[in-house]
Structures are given as C-alpha cells and as structure tokens.
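Structure first, commentary second.
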There are 2 protein chains.
Amino acid sequence: MCSVTVGVGRSSGGSAPGRTRGAYDGDVSEQATGVTAVVEPPLSRAARKERTRQALLDAGLRLAADHTLAAVSLRHIAREVGIVPTAFYRHFDSVEQLGLELVDASFASLRAMIREVRAGEPEVNTIVRNSVEVLVEHVHAQRAHFHFIARERFGGVPAVREAIGHQLQLFERELATDLARLPTMDTWSSEDLRVLANLIVHAMVATVEQLLAAPANRPDLEQEIMRTARRQLQMIIVGAASWGNPR
Amino acid sequence: MCSVTVGVGRSSGGSAPGRTRGAYDGDVSEQATGVTAVVEPPLSRAARKERTRQALLDAGLRLAADHTLAAVSLRHIAREVGIVPTAFYRHFDSVEQLGLELVDASFASLRAMIREVRAGEPEVNTIVRNSVEVLVEHVHAQRAHFHFIARERFGGVPAVREAIGHQLQLFERELATDLARLPTMDTWSSEDLRVLANLIVHAMVATVEQLLAAPANRPDLEQEIMRTARRQLQMIIVGAASWGNPR
DNA sequence: GAGTTCAGTGAACATCTGTACACCCCAGCG
DNA sequence: CGCTGGGGTGTACAGATGTTCACTGAACTC
C-alpha cells in the first residue's frame with residue numbers, strides 16, 4: 001500500500017489538491033492503485049486550500065460549459081477535482097454558491113476588457129474598430145467565462161441569473177456615462193443615453209453569443225461576425241447622431 | 001377497490017389522461033384512495049393518446065420554466081401528468097425529443113406574430129409602433145413559449161439549442177427580404193440587409209428577455225421597456241437610412 | 001515537543017433517476 | 001362476437017445524488 005498518492009485534475013487547470021490517503025472513486029471504496037508519487041513543493045496549509053478551491057471553481061466552469069450549472073452535481077465537481085464529495089463543503093456551501101463566485105470571476109475579466117477600450121482615443125471610427133477587436137480578443141482569452149455568462153444568463157439557477165443581470169445593468173450604466181463624454185452626445189438626455197447604451201450592450205452580447213456559437217476552426221466565420229458587429233455599431237452610432245436629440 | 005379513477009393534471013392544462021387502475025405515486029405502490037369518479041365523455045383511443053401527449057408537452061413546458069429542460073426528469077414530467085414513468089415512452093423516446101417538439105410549437109406562435117406585423121401598412125413609424133405592440137401582446141399571450149426559447153437558446157440540451165438557432169436564422173432571413181421591400185432600402189446590398197436584420201432581431205430578442213424578466217405585476221416597467229424598444233428601433237432605422245449604403 | 005486546527009477520508013443513509021420487463025384491459029377491428 | 005393492438009400499470013434494478021457523521025494525520029501554534 002502506497003502512502004502518498006496524488007490526485008490529478010482531469011484537464012487544463014491541472015491543479016490537484018494534496019492527497020494524503022487513498023484515492024476516492026465513488027462510494028464503493030477501493031484500494032488505491034499504485035501511483036507514481038509526484039514530488040510537490042511543500043505548500044502552506046492556506047495555499048493548499050486555495051489551490052483546491054481554485055480547482056473546484058475551474059472544474060465548475062468546465063462542467064457548466066457542457067451541461068448548464070443547474071445540471072452539474074456536487075459529486076461531479078468533486079470527482080473532477082479528485083476529492084471526496086464531502087470535502088466540497090470545506091470550500092462552498094453549495095454548487096449555487098460556487099456559481100455566484102464564478103459570476104464574479106467572469107465579470108472581473110469583462111471589466112478588464114472595458115478598461116482597455118476606454119483607454120483608447122475618443123474618435124468614433126477608432127472606437128468602433130477598437131471595441132470589436134478587443135471584444136473578440138477577450139472572447140478568445142476568456143472563452144470559458146463568456147460562455148458561462150451567456151448560458152447562465154437565463155439558466156436554471158435563479159441566484160446566478162440575478163447576479164448576472166445585475167452586473168449587466170451596472171455595465172450599461174457605465175457605458176451610458178462614457179457615451180455622455182463623447183463630443184456629439186454631451187447634450188443628450190440621460191434617458192436617451194440609457195436607451196442607446198442598452199442597445200449597444202445587447203448588440204455586443206449578441207455578438208459574443210455568435211462568436212461562441214461559431215466553431216473554433218472557422219476563422220472565416222469569425223471575420224464575418226466581426227464585420228457584422230462593426231457595421232452594426234456604425235449604424236447605431238450614425239443613427240443616434242443624425243437622429244439628434246428629439247427630446 | 002374502485003374500478004375507475006381519474007388522474008388530474010396539477011395545473012393549467014388540466015388535461016388528464018384516462019386512467020384505468022390505481023393511482024401512481026412513486027415507486028412504492030399504494031392502494032388508490034377512494035376517488036370521486038368524474039364522468040368523462042367517451043373519447044376515441046387516438047384522441048385520448050393525443051390528450052396525454054399534449055399534457056406531457058404542457059408539463060414539460062411548465063417544468064422547464066422552473067429548472068431548465070436539462071434538469072427536468074422524465075419521471076418528473078410523468079408525475080406531473082399523472083401517469084407512470086414508463087408510459088412516457090409511449091409518446092416520446094426521451095425528454096430531449098419532447099424538447100424539440102416544444103421548439104416547434106414555440107416558433108409556431110412566433111410565426112403567427114410576424115404574420116400579423118407584416119399585414120400592417122408599410123410606413124416606418126407605424127411599423128415601429130405596431131411591431132413593438134404586437135410583440136408585447138404575444139409575449140403576454142405566449143409567455144411560456146417565449147420563456148422556453150429564451151432559456152433553452154443557450155441551455156444544456158445541444159439538439160434543442162441547435163434547433164432554436166436554426167429557427168432564429170430563418171427568421172432573420174425572412175426579415176431581410178421584408179426589409180428589401182421597404183421604399184428606402186430597395187437599393188441596399190443583400191449583405192447590408194442581412195446585417196440590419198441581424199441587429200433588429202437581436203434587439204427584439206433582448207426586448208423579449210427584458211419583458212420576461214420584468215415581474216408580471218409591474219405594468220410601469222413594461223411601459224418603460226416598450227418605450228425603450230420603440231426608440232431603439234427608431235435609432236436603428238433612422239441610422240440605417242441616413243447612413244445610406246456605403247457599399 | 002505537546003496540543004490544536006482543519007482539509008481531507010470513507011461509510012452510510014434516504015431519495016431520486018432511466019430503463020427493462022411482464023402484465024392488464026378496453027377500444028376498434030374483422 | 002371474439003381477437004388484437006397498444007396506452008396504461010407495477011415491479012424491479014443498478015446507479016447517481018445531497019448530506020450526516022466519526023475519523024485521521026499533517027500543518028500550524030504555543
């Protein structure tokens with residue numbers, strides 16, 4: 001009987017929590033098969049806990065991509081990470097709570113994105129070009145996060161749904177104040193700014209959803225989606241400008 | 001032991017399949033409690049089958065509203081309808097197949113809607129006003145269907161997801177040919193028409209989603225959403241027109 | 001170096017799931 | 001009239017699920 005075995009995460013994160021006894025493979029206990037011991041750097045207890053916690057979040061994100069969070073079981077996540085189901089409770093009260101944390105993480109990467117756009121020069125055509133480019137770039141880099149938000153936005157877990165809705169609303173408001181700073185719109189009513197921001201946000205959401213739906217091995221499709229998104233933004237902005245401010 | 005008992009659907013549809021023996025209440029068999037026999041009109045076998053089938057579809061739609069279709073079990077649906085789980089297979093191979101049928105049903109009501117809009121006169125302001133009004137009206141009348149589409153559009157059942165995506169694409173194409181018939185757009189390239197139709201469809205989808213998210217007892221919120229939707233449509237159309245046709 | 005903390009284990013539970021199987025009984029057919 | 005097709009029933013099973021409980025042993029604290 002080996003004394004130290006190391007659970008290995010199924011994929012990407014590769015983060016495996018420290019294991020001390022046997023391997024867990026379902027309720028039926030089995031002897032741990034002989035496992036090549038991997039030497040790990042001695043980590044502090046807190047660090048190891050954080051590592052497992054992250055592994056759980058990663059696993060949740062990965063599994064939610066396949067089945068919807070509502071259909072992902074606590075046991076499934078635990079199995080994926082390589083810990084016993086009951087150990088899950090050391091980190092989260094429920095899958096739902098884990099989901100809420102995923103919402104936060106996902107929107108954090110989104111905020112990073114908007115900051116990047118905001119940093120550019122305030123010329124309309126550049127903004128359009130930049131925005132779409134940055135968006136696509138971030139969808140690539142944070143595909144899982146965007147995917148999670150898109151799916152759970154109307155998914156089966158009410159608390160998660162509401163959290164996402166709230167974040168999107170914040171987003172919309174921020175965009176509205178950004179728009180107010182543009183030269184052509186400084187005289188607009190806040191109402192009109194809100195309406196415009198709402199339209200833009202939803203057009204971008206739709207673009208993200210189309211990007212996510214496009215198979216990864218079709219760069220032509222992606223180019224097409226980008227072109228469409230640019231034109232739509234142009235239509236919206238040009239329209240808003242020439243329509244002026246009728247109230 | 002009573003000879004004829006009648007299962008009663010839990011809610012709306014009220015459609016109950018004919019029952020001949022005992023009541024089913026889980027795997028543990030129980031004697032059917034004395035039930036007041038409800039006199040039913042003698043239906044043909046085919047009619048009774050259709051009735052049960054409809055009851056299953058209704059139950060599926062209702063349950064999917066609470067939990068996402070992927071999280072709804074065959075047993076749950078059967079229980080809701082008042083039949084034994086195994087009887088489900090007499091009507092559908094799986095919950096997924098039932099879901100695909102729900103997609104068809106939902107889009108049928110959507111098509112009815114678009115037909116109504118198309119019937120109106122082709123004047124821009126009237127179109128905008130009409131479209132939004134008809135949309136809201138139909139969301140009220142077919143709330144469950146719209147809800148189903150919104151949720152399952154990115155839900156956990158791949159086949160259902162794809163079916164919905166396909167239907168939306170058809171929609172977009174139809175809208176594009178409609179737009180081509182408008183006086184201001186008869187010279188547009190089909191590419192631009194497609195882009196514009198895409199934008200409009202997604203704006204409307206977003207509107208529906210906002211309507212569905214709004215609590216039913218807040219008519220003021222609904223009015224606000226309608227106003228926003230109208231303005232957005234105006235912005236889009238005005239923008240498209242004044243932007244002209246740069247390619 | 002002794003004592004405490006706590007992330008992880010493993011067994012047990014009640015309950016739920018999809019599906020196979022044999023049966024039953026009535027409408028609808030000849 | 002009797003036969004039969006098929007919507008319905010019950011039973012059964014193997015597997016999955018959330019949660020409880022008592023436990024262990026290495027990392028921390030003093």
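Below, chains carry the letters A, B, ... as their sequence lines are ordered, and counting in each starts from 1.
The side-chain heavy atoms of A:T207 and A:M204, taken from C-beta on, include a pair separated by under 4.5 Å.
Here D:dG6 presents its C1' atom at 18 Å from CZ of B:F88, a figure rounded to the nearest Å. The OH-C1' distance, from B:Y89 to C:dC21, rounds to 13 Å in whole Å. In this structure, the CZ atom of A:R79 is 15 Å from the P atom of C:dG10, given to the nearest Å. The NE2-C1' distance, from A:H76 to D:dA16, rounds to 11 Å in whole Å. Atom pair A:I77:CD1 and D:dT17:P shows a separation of 11 Å (rounding to whole Å applied). Atom CD of B:E50 and atom C1' of C:dA27 are 17 Å apart (whole Å). In this structure, A:R48 atom CZ and C:dT9 atom P are separated by 10 Å, rounded to whole Å. Across the protein-nucleic acid pair, A:I83 atom CD1 and D:dT24 atom P stand 20 Å apart, rounded to whole Å.
When heavy atoms are screened at a 4.0 angstrom cut-off, A:S44 is found touching the sugar-phosphate backbone but no base atom. Within 4.0 Å of A:T86, counting heavy atoms only, lies at least one base atom of the nucleic acid.
Annotation: the span from B:F171 atom CZ to B:N198 atom CG amounts to 13.5 Å, rounded to 0.5 Å.
Map B:A87 and A:S73 each onto its nearest nucleotide of DNA chain D; the residue landing nearer the 5' end is B:A87.
Ion pairing between a basic and an acidic side chain is recognised when a charged N comes within 4.0 Å of a carboxylate O; A:E152 and A:R161 show no such pairing. The pair A:R118-A:E174 meets the salt-bridge criterion, since a charged nitrogen lies less than 4.0 angstrom from a carboxylate oxygen.
Between the A:T52 side chain and the A:R48 main chain, a donor and an acceptor come within less than 3.5 Å of each other.
Between A:E222 and A:H140, the side chains place a donor N or O and an acceptor N or O closer than 3.5 Å (distance only, hydrogens not considered). Side-chain N/O atoms of A:R111 and A:Q167 include a donor and acceptor closer than 3.5 Å.
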Under 3.5 Å, which protein N or O atoms sit close to an N or O of nucleotides 3-6 of chain C? Give each pair with its distance.
from, atom 1, to, atom 2, distance (Å)
C:dT5, O2, A:R45, NH1, 3.0
C:dT5, O2, A:R45, NH2, 2.6

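Here the nucleotide nearest the side chain of B:H91, chosen from D:dG8, C:dG8, C:dT17, is D:dG8.
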